[in-house]
> 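Pasting a structure below so you can have a look.
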Amino acid sequence: MAERYYHPSEIESKWQKNWRDAGIDTTERDPGREKFYCLEMFPYPSGKIHMGHIRNYVIGDVITRYKKMNGFNVLHPMGWDAFGLPAENAAINNGIHPSIWTEENIVSMKAQIEKIGASYDWARELATCRPEYYRWNQWFFIKMYERGLAYKKNSLVNWCQSCATVLANEQVIDGKCWRCDGDVVQKELEQWFFRITAYAEELLAGCDTLAGWPDHVVAMQKNWIGKSYGAEVDFQVAGSGDVAGGVPGPGSTIRIFTTRPDTLFGVTFMCLSPLHPLAASLCENAAELEMVKNAYGKADEKVGVFTGKYAINPVNGESIPIYVANFVLMQYGTGAIMSVPAHDQRDFEFARKYGLPVRRVIIPDGGVVSAELQSAYEEDGTLADSGQFTGRHNRDAIKSIIGYLKEKGKGEEVVNFKLRDWGISRQRYWGTPIPIVYCRNCGVVPVPETRLPVILPPDVKLTGKGGSPLAEAESFVNTDCPKCGAPARRETDTMDTFVDSSWYFVRFCGKSGEPPLDGDNIKYFMPVDQYIGGVEHAVLHLLYSRFFTRAMRDLGIVGFDEPFTRLLTQGMVCKETWKCDEHGWIFPEEVKDGKCIHCGRDALRGRVEKMSKSKKNVVAPDDIITKYGADTVRVFALFAAPPEKDMEWSDQGVEGASRFLNRLWTLVHNIIGKRNPINPIHGERVKCFEAEAKMPGVSYGNLFRKTHQTIRKVTTAIEKDYHFNTAIAALMELLNDMYSFESSVDKGDAAMFYAASKMVLLLSPFAPHICEELWRELKMGSNGSIFLEPWPELDESAAKEEELELVVQVDGKVRGKQMIPAGLPEEAVKSAALENEKVRDHLAGKTVKNVMVVRGKLVSIVTEKR
RNA sequence: GCCGGUGUGGUGGAAUAGGCAGACGCGACGGACUCAAAAUCCGUUGAGGGCGACCUCGUGGGGGUUCGACUCCCCCCACCGGCACCA
């Protein structure tokens with residue numbers, strides 16, 4: 001037989017086809033077996049897969065294959081987050097219909113994904129842009145509408161001028177659009193909302209049950225929900241209450257929210273948001289109010305104007321000026337605040353600018369009171385100048401002050417959240433139509449379930465200008481009222497695409513033809529045991545999914561609260577960059593001998609950055625797979641760093657991974673070449689071999705032991721925290737040992753064979769193609785595919801060392817090492833240590849005070865100090 | 001500003017439960033093979049000192065706890081990420 005070389009492209013396409021034909025990656029519901037649901041965040045079908053995708057899917061695939069070999073019935077689906085702006089932009093720019101553009105991209109991206117050898121059950125593939133999928137977005141919308149969880153309100157929205165659409169708060173980053181980086185302005189529009197705030201308390205409490213999530217993601221969720229305790233307090237506008245009976249008229253009371261009712265006696269003025277309903281009526285100068293309005297939301301400067309009116313502080317009856325100030329947000333609290341410049345930095349700055357009085361009511365404990373405050377004192381202390389509460393500790397007094405307000409009918413305890421309702425209306429074409437009809441007689445009418453889906457009309461002109469493209473489609477807009485049959489108009493907004501991804505994981509529980517919300521399927525496969533994706537979704541997608549899951553629970557669709565039991569947020573794929581003073585970012589190919597090839601200036605090694613087109617440091621997965629094979633790419637992607645950390649792509653690192661697989665290939669073929677008639681794997685001979693190999697002093701015992709130690713290392717590395725990099729390192733070590741193993745006896749060949757077969761099994765989740773090939777060539781197993789084999793079992797007694805290296809410390813420093821038999825009693829270890837020659841040298845002239853024995857590791861000797 | 005994270009050789013990264021710091025890979029250096037190169041294989045590789053067996057220092061910096069600290073505690077520095085006038 002001619003010598004065989006490792007040709008990844010041949011064996012990879014061969015096995016991918018074989019696996020597909022044999023259907024080994026499809027999953028059936030099987031209540032008799034324990035399930036495991038492994039899910040990677042589904043991609044937007046942009047047409048090109050990048051290294052970030054590869055890393056994500058490879059991590060998921062390793063977990064999937066590992067769990068399958070451990071007997072789990074693993075669900076591992078893949079689909080397409082297929083609605084969204086790029087398709088629409090392609091239509092605007094190139095005249096391709098979004099649906100065609102998207103479907104074509106799906107075809108090419110699927111082909112790319114298949115090339116990495118990921119074991120997806122494609123029978124469950126979905127694309128959110130298809131009516132059979134988005135129909136259920138509409139169904140959920142109607143269910144939510146029926147329960148008051150979907151509603152419409154006139155509101156100020158974040159409007160991206162270049163995308164000409166509304167953005168959710170989460171989609172605005174530093175005042176810019178998350179997608180196009182364009183300016184975002186405030187605009188008033190009628191919008192549909194999901195009442196996520198109805199679940200605010202529950203979503204927050206649920207955070208504490210997310211034990212399998214990274215701490216920082218849980219922290220971000222909590223932060224986003226932003227619960228704070230405080231009070232709402234009524235301030236009466238001076239003069240307005242002087243009516244008969246002392247009852248204030250409408251519009252004469254201003255309600256504020258504060259987390260610091262303890263500072264009420266320090267209030268010296270109050271501020272309204274320029275958007276506050278009373279701002280216009282209280283403010284005497286409309287032009288000035290307009291100026292403040294224009295400065296609203298600008299963080300760099302505090303701008304305010306005195307309204308000319310005063311309010312009465314309910315705790316001390318003082319009259320304080322009312323301002324309108326740009327920094328007071330309308331969306332949070334009541335849109336009005338009490339200002340305590342002495343104890344709030346923002347109020348302090350405002351007071352300074354407008355020459356308002358500062359009154360201290362909290363004195364630092366034991367601290368000296370300086371003449372004048374340089375900044376607000378926001379810490380705790382003792383109340384001063386605070387009426388009946390003077391002298392008490394400020395924290396302790398909070399409850400009493402709230403009680404006092406309550407008694408007088410001037411306020412109450414209130415809990416506030418930063419979380420706001422989820423605006424889902426988008427003035428876009430390529431999304432799910434909101435299933436609502438407006439009828440002149442009946443008003444707002446939801447489309448009945450039986451008439452779903454409301455199909456996106458195919459023939460719509462997309463110009464990228466103006467409002468909803470659907471509004472232009474007469475045939476779509478004009479309809480009959482489902483209730484009374486009169487002519488009516490359809491809602492022309494579409495849904496935020498985050499709606500699509502808020503429940504797709506449930507859809508995967510059924511195959512493509514099956515009903516999407518089948519109870520048996522969901523009950524068996526949900527929740528997702530392991531979810532894997534980028535941190536960029538730490539708040540948005542994950543919070544929405546948690547909300548949807550609760551909504552689904554209340555609809556009786558699911559029987560649990562949290563959709564994702566464990567979450568892994570993988571790090572970014574980065575690479576070094578190059579820069580040149582003249583040309584900016586340059587490709588590595590544009591650097592020759594440290595110079596830019598265009599201008600001859602020095603090429604500067606830039607920072608290691610996330611791969612991006614603009615930084616010219618992208619590596620195309622296709623190219624690299626063609627060159628090295630998918631297995632090499634997989635091994636490198638996993639070896640370079642633990643999955644949750646950023647990894648640096650390095651061409652030499654890829655070479656190293658490739659070298660490792662080549663070495664394995666060569667070694668296994670050498671073993672097959674001189675195959676010993678003893679096949680240690682089958683039947684009685686295995687037992688016989690294993691028993692002998694465990695006996696002390698056997699020449700091939702070390703390799704046998706190393707094999708089992710590797711089983712342990714790889715297994716625990718995967719089980720403990722998915723640190724695949726150390727698992728692969730352990731396999732490299734085993735391979736190195738096999739290379740240096742020299743055998744003089746027949747059983748030695750058997751030990752090599754044994755090690756090789758375990759090695760191939762252990763590596764198979766990481767590098768599936770080469771391992772399947774080698775497994776078959778070793779003529780191992782009776783199941784055919786290596787992926788139908790059980791994971792190697794660890795024999796603890798086989799992994800145990802016969803002898804170990806004892807480390808002896810004297811006064812905390814390592815002074816001697818020696819080999820001792822394993823399992824020696826403590827006293828024997830102690831005396832061995834004390835008798836060690838080098839140790840004795842170091843003990844000369846000293847008195848031994850204490851000797852500590854750490855079992856199996858070291859002896860620490862302490863001497864008398866003088 | 002608040003919250004979270006990270007900091008280890010030339011480099012990516014390892015170090016059960018406080019117990020030999022630097023596994024494994026990359027790079028570099030030396031050697032073998034070759035007419036030569038590539039590939040491959042075998043060595044060496046934290047720093048400093050000593051002819052030497054060895055010694056000293058060393059996990060961002062400074063303290064502390066401990067027989068013993070990359071690991072635990074306190075303070076500080078740097079970088080990264082999230083939130084940010086949230087009252």
Side-chain angles (χ1 to χ4, degrees), chain A residues 173-174 214-224 226-228 230 256-260 263 270-271 297-302 325-329 331-340 343-347 349-350 378 416-420 535-536 538-539 571-572 607-608 635-636 639-642 644-657 659-660 662-663 666 713 716-717 720 723 725-733 735-736 739-740 805-817 838 841 849-852 854-863 865:
Chain A
I173 293 149
D174 294 330
D215 292 343
H216 68 278
V217 175
V218 177
M220 282 163 80
Q221 295 250 326
K222 283 185 179 174
N223 212 323
W224 193 265
K227 184 178 186 179
S228 58
I256 60 96
F257 173 74
T258 179
T259 54
R260 297 293 302 276
T263 62
M270 67 186 301
C271 292
K298 282 188 185 153
D300 45 346
E301 197 192 2
K302 289 188 173 55
N326 72 324
F327 69 93
V328 182
L329 303 172
Q331 318 89 297
Y332 185 75
T334 59
I337 58 164
M338 64 181 210
S339 294
V340 188
H343 305 292
D344 182 289
Q345 187 57 26
R346 295 156 300 184
D347 297 345
E349 287 165 20
F350 192 83
E378 295 182 332
N416 234 317
F417 291 92
K418 282 192 209 172
L419 183 70
R420 276 169 261 155
V535 237
E536 64 271 22
V539 259
M572 298 181 299
R607 298 206 321 184
V608 174
V635 167
F636 175 68
F639 181 66
E644 73 279 5
K645 281 186 67 172
D646 289 351
M647 67 165 283
E648 188 185 335
W649 190 269
S650 111
D651 297 336
Q652 281 125 353
V654 178
E655 295 275 356
R659 206 170 294 151
F660 166 58
N662 271 291
R663 272 160 62 82
T666 306
K713 273 192 195 162
T716 54
K720 205 178 129 215
H723 279 191
N725 54 330
T726 59
I728 292 170
L731 289 164
M732 287 173 168
E733 262 190 78
L735 186 66
N736 289 344
Y739 262 91
S740 48
E805 193 182 39
L806 180 72
V807 174
V808 187
Q809 295 183 341
V810 177
D811 292 330
K813 290 194 172 154
V814 178
R815 296 301 184 186
K817 295 177 184 182
K838 281 170 197 156
D841 290 347
K849 198 174 107 187
N850 196 5
V851 180
M852 261 155 293
V854 182
R855 227 169 61 84
K857 284 203 173 122
L858 60 66
V859 174
S860 183
I861 301 164
V862 189
T863 64
K865 268 186 217 145

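Residue numbers start from 1 in every chain, and the chains themselves are labelled A, B, ... in the order their sequence lines are given, proteins ahead of strands. Since this is a predicted model, take the numbers as computed values, not measurements.
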> Give each protein N/O atom lying under 3.5 Å from an N/O atom of nucleotides 21-25 of chain B, with the pair distance.
unit_1: B/A23; atom_1: O2'; unit_2: A/Glu733; atom_2: OE2; d: 2.9
unit_1: B/G25; atom_1: OP1; unit_2: A/Asn736; atom_2: ND2; d: 3.2

> Please enumerate all residues that pass side-chain hydrogen bond (donor to acceptor under 3.5 Å, both in side chains) together with A/Gln652, with sequence neighbours excluded.
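In terms of side-chain hydrogen bond (donor to acceptor under 3.5 Å, both in side chains), with neighbours along the sequence ignored, A/Gln652 is linked to no residue.
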> Going by a 90° cut-off around 0, is B/G58 syn or anti?
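Nucleotide B/G58 adopts anti.
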> Give me the atom names and distance for the closest heavy-atom approach of A/Met647 to A/Ala641.
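Reported closest heavy-atom pair: CB-CB, 3.9 Å.
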> Rounded to whole angstroms, how far apart are CD on A/Glu378 and P on B/G1?
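Distance, rounded to whole Å: 12 Å.
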> Closest to the A/Lys302 side chain: B/A87, B/G13, B/C85?
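In terms of side-chain proximity for A/Lys302, the closest of B/A87, B/G13, B/C85 is B/C85.
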> Minimum heavy-atom separation for A/Lys302 and A/Glu349, please, with both atom names.
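It is NZ-OE1, 3.0 Å.
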> Who pairs with A/Arg663 by salt bridge (charged side-chain N to carboxylate O under 4.0 Å, His left out), at least two apart in sequence or on another chain?
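With neighbours one apart ignored, the set is empty.
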> Please state whether the phosphate of B/C20, meaning OP1 or OP2, lies under 4.0 angstrom from any side-chain nitrogen or oxygen of A/Arg815.
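Result: no.
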> Tell me: CG of A/Asp215 to P of B/U6, nearest whole Å?
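Interatomic distance, CG of A/Asp215 to P of B/U6: 10 Å.
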> Would you indicate what A/Ser650 reaches in the nucleic acid, counting non-hydrogen atoms under 4.0 angstrom: base, sugar-phosphate, or nothing?
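Here A/Ser650 touches no strand at all.
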> Are A/Asp347 and A/Ile337 packed together at the side-chain level, in the sense that at least one heavy-atom pair is separated by less than 4.5 angstrom?
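A/Asp347 reaches A/Ile337 side chain to side chain.
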> Check every strand shown and say whether A/Ser228 touches a base, only sugar-phosphate, or nothing at a heavy-atom separation below 4.0 Å.
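Sugar-phosphate only.
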> A/Asn725: which residues meet the side-chain hydrogen bond (donor to acceptor under 3.5 Å, both in side chains) condition with it, sequence neighbours left out?
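side-chain hydrogen bond (donor to acceptor under 3.5 Å, both in side chains) list for A/Asn725, sorted by chain: empty.
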> Mind calculating the distance between CH2 (A/Trp649) and C1' (B/G12) to the nearest angstrom?
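Going from A/Trp649 (CH2) to B/G12 (C1'), I get 13 Å.
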> Residues two or more places apart in sequence or in another chain: which of them pass ring-ring contact (aromatic ring centres under 6.0 Å, His included) with A/Phe660?
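Testing A/Phe660 for ring-ring contact (aromatic ring centres under 6.0 Å, His included), a comparison that skips the adjacent residues, returns none.
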> CD of A/Glu536 versus C1' of B/C80: gap in Å, rounded?
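In whole Å, B/C80 C1' and A/Glu536 CD are 16 Å from each other.
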> Does A/Glu644 have any side-chain hydrogen bond (donor to acceptor under 3.5 Å, both in side chains) partners at least two apart in sequence or in another chain, and if so, which?
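So A/Glu644 forms a side-chain hydrogen bond (donor to acceptor under 3.5 Å, both in side chains) with A/His723.
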> With pairs taken as Watson-Crick or G-U wobble and both distances under 3.5 angstrom, which stems of at least three consecutive pairs involve RNA chain B?
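Stem list for RNA chain B: B:1-7 with B:77-83, B:10-12 with B:24-26, B:27-32 with B:40-45, B:46-49 with B:54-57, B:60-64 with B:72-76.
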> Can you tell me how far C1' of B/G19 sits from CG of A/Asp811, to the nearest Å?
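That distance rounds to 16 Å.
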> Both A/Glu655 and A/Lys720 contact RNA chain B. Taking the nearest nucleotide for each, which residue is further toward the 5' end?
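Nearest nucleotide further toward 5': that of A/Lys720.
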> Could you tell me the separation between the CD atom of A/Glu349 and the C1' atom of B/A84, rounded to a whole number of Å?
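To the nearest whole Å, that distance equals 14 Å.
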> Starting the side chain at C-beta, find the nucleotide from B/C67, B/A87, B/C83 nearest to A/Met852.
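Nearest to the side-chain atoms of A/Met852, counting from C-beta on, is B/C67.
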> Roughly how many Å is it from CZ in A/Arg607 to C1' in B/U6, rounded to a whole number?
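Roughly 14 Å, once rounded to whole Å.
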> Compare the minimum distances between each of B/G13, B/G12, B/G19 and the side chain of A/Ser860, then state the nucleotide with the smallest one.
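The nucleotide sitting nearest to the side chain is B/G19.
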> Applying side-chain hydrogen bond (donor to acceptor under 3.5 Å, both in side chains), can you list everything that pairs with A/Ser228, at least two apart in sequence or on another chain?
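Counting only residues at least two positions away or on another chain, A/Ser228 forms a side-chain hydrogen bond (donor to acceptor under 3.5 Å, both in side chains) with A/Tyr332.
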> Taking ring-ring contact (aromatic ring centres under 6.0 Å, His included) as the definition, give me every residue that meets it alongside A/Phe639, ordered by chain and number, with sequence neighbours left out.
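Checked A/Phe639 against ring-ring contact (aromatic ring centres under 6.0 Å, His included); zero matches.
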> Which nucleotide sits closest to the side chain of A/Lys645: B/G13, B/A87, B/G82?
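Of the candidates, B/G13 comes closest.
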> For A/Val535 and for A/Thr334, find the nucleotide of RNA chain B with the closest heavy atom, then tell me which residue's nucleotide is more 5'.
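Going by which nucleotide is closer to the 5' end, it is A/Val535.
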> How is A/Gln221 classified with respect to the nucleic acid when contacts are heavy atoms under 4.0 Å: base, sugar-phosphate, or nothing?
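Contact class for A/Gln221: none.
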> Starting from P on B/U16, measure out to NE2 on A/His723 and report it in whole angstrom.
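Roughly 11 Å, once rounded to whole Å.
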